[in-house]
Amino acid sequence: MTQSTKKRITVSDVLTEHIHTWQRGNIITIEAGTGVGKSHFIKNELYPIAKKERSRILFFLNRTRLNEQFQEEIKRDGKSDVITIILYQKYEWELLKNCVVVKEDYKYIVCDEFHYFLTESRYNKNTEDSFYAMINEKSKIRICMSATADAMIAFFKYKNIKHESYSIPHDYSHIKELIFYQSDKVLEKFLHQIPKNHKVICFTGSAKKAFMLHATFKNSMFVCSPSGIAPEKSHMDKDKVTKMLIDEKFGEQFVFSTSTLDNGINLRDKQIKYIVADIMDVDILIQCLGRKRIIDKSDKVTVIIKNISNKMLNKLIRDCDKQIEPALYLQEHGTSSYVEKYRKQSNRIVYDRPVNNEVGYDKAINDLMFFKEIYDKQFFEQIASEENGYMNYIKTKLQQDTYIILDDTYDKADITDYLDTIIGKRLYKEEQAELIKKVNLRDGRGRRQKDVEQLNIYFQKNSLPYNINNDSKMNKDRRRRLDNGNANPNYNKRYWILAKHMVFD
């Protein structure tokens, strides 16, 4: 039985027999792809056990929309007697006020999408508070679930936090084709050519970019965080978004969204044929790809991802160093030396911690943010060490054999359109310069190549059926006058002739 036809392994398949072995104080990590029943396991396998024990489950979620959706499900299924749902952000706010959230009758704490602690730490310094509060609930069984758990499990190991790990294999057999692009304009051109009966969901890193695409494509919906600070949120049609979440499909051809829909939201529609992601963080990117739920083995999707070039990777490495180096300096030299050296330089990893000393505070390092920067830096360095490292990494991650670079396809199409207009024409110095500019062939030092032989080699290597004839004896304009009787301005000048040859399959 092939991977595309065999039944997917679910969380319940792997874990049901293990639940009874878990003891208070255990930390359980579950790494499993989207659509393999993480929430189903809690609602249908853990719930009856907790009910029989007369204990309760505290269920953490990280998105307001997901919270509302899940609350409705629990209420509808009559399971709110055992399962209580709370947002991580709400929990963090209660911790700041010293309120008790985790009560005595909770035996199980479920941290859904627990990659939240790391991925959100870049924007929310309080994830450290909720993480350590959860870790310190040592009388509970803590169950941490995510489709992208690698970084958090690495953090557990980094902090020597004992845990028991379970992993359910990922299955990306529904991906029809993997495509990368570099230029936003190339992506727009591609999107314009998608058939009207094919739907697209496009995730971007910013509300501004998502809204600009929404403005460009009329039959589209715009989605961003309703609680965020982006001014574009005023343009979001909240009723349409709510309807999409309830129906688990959308009527428009395009949805342009920020990563606010990165997890827990299901879209079940075989007309969704393309998922586009312009997302830097790989964990968030993988979560975004999981928003389309696969209906059957004929339900295939083309995945289009913005490439991160090695040049950009090196910039990201430098950005990480700007955060890491001051934190390391603080660790080694202490607060006074740190303040003296970095007083004018902001650092998101370092914060002021109240203490009883002369100034009333000390400098401290946010563990999760610090680890996230180090983890990201190591990842960027690893993939930047080889040519096309990011694309090759994603290809392997998504279990694909090949990928296409969209820009290459469009560059070839554009140059072909141009070349077809000059076939058989005499190309004098000015026209030669235009051809050289259009082809834009450069050597290793970035110098534009003007030699006919090099241009012909370029055509050959790129399977372009063209050839420039530059016979120095033959290609010289001997006509004194043109056909209309006027003097020939190009008399005695040399020229090129572009020929197109037949292609046989």
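Note that these values count all heavy atoms, side chains included, but never hydrogens, waters or copies made by symmetry.
Relative ring orientation between His163 and Phe156 is described as tilted, the plane-to-plane angle lying within the 30° to 60° band.
Between Glu177 atom CD and Tyr274 atom OH the span is 8.0 Å, to the nearest 0.5 Å. A distance of 12.0 Å separates OG1 of Thr258 from CG of Asp278, quoted to the nearest 0.5 Å.
Between Phe222 and Phe211, the distance separating the two ring centers is shorter than 6.0 angstrom. In summary, the aromatic rings of Phe190 and Tyr181 are positioned with their centroids too far apart to meet the 6.0 Å limit. Within the 6.0 Å centre-distance limit, the rings of Phe379 and Tyr393 are counted as a close aromatic pair. Proximity of the aromatic rings of Phe217 and Phe256 is defined here by a centroid distance below 6.0 angstrom, and this criterion is met.
Asn392 and Glu386 share a side-chain donor-acceptor pair at under 3.5 Å. Ser165 and Glu31 share no donor-acceptor pair across their side chains, judged by distance under 3.5 Å alone. For Tyr106 and Thr84, the side-chain atoms include at least one donor-acceptor pair closer than 3.5 Å.
Remark: Lys125 is not positioned above the aromatic ring of Tyr351, lacking an NZ or CZ atom under 6.0 angstrom from the ring centre and at most 45 degrees off the axis.
Identified under the salt bridge (charged side-chain N to carboxylate O under 4.0 Å, His left out) test for residues 195-206, with sequence neighbours left out: Lys199-Asp269.
Legend: residues meeting side-chain contact (heavy atoms from CB on, under 4.5 Å) with Ser234, ordered by chain and number and at least two apart, are absent. For Phe117, the ring-ring contact (aromatic ring centres under 6.0 Å, His included) criterion is met by Tyr88, Phe131, not counting sequence neighbours.
Lys273 contributes a side-chain N or O that, together with a main-chain N or O of Lys270, makes up a donor-acceptor pair within less than 3.5 Å. The backbone N or O of Gln323 sits less than 3.5 Å from a side-chain atom of Asn347, completing a donor-acceptor pair.
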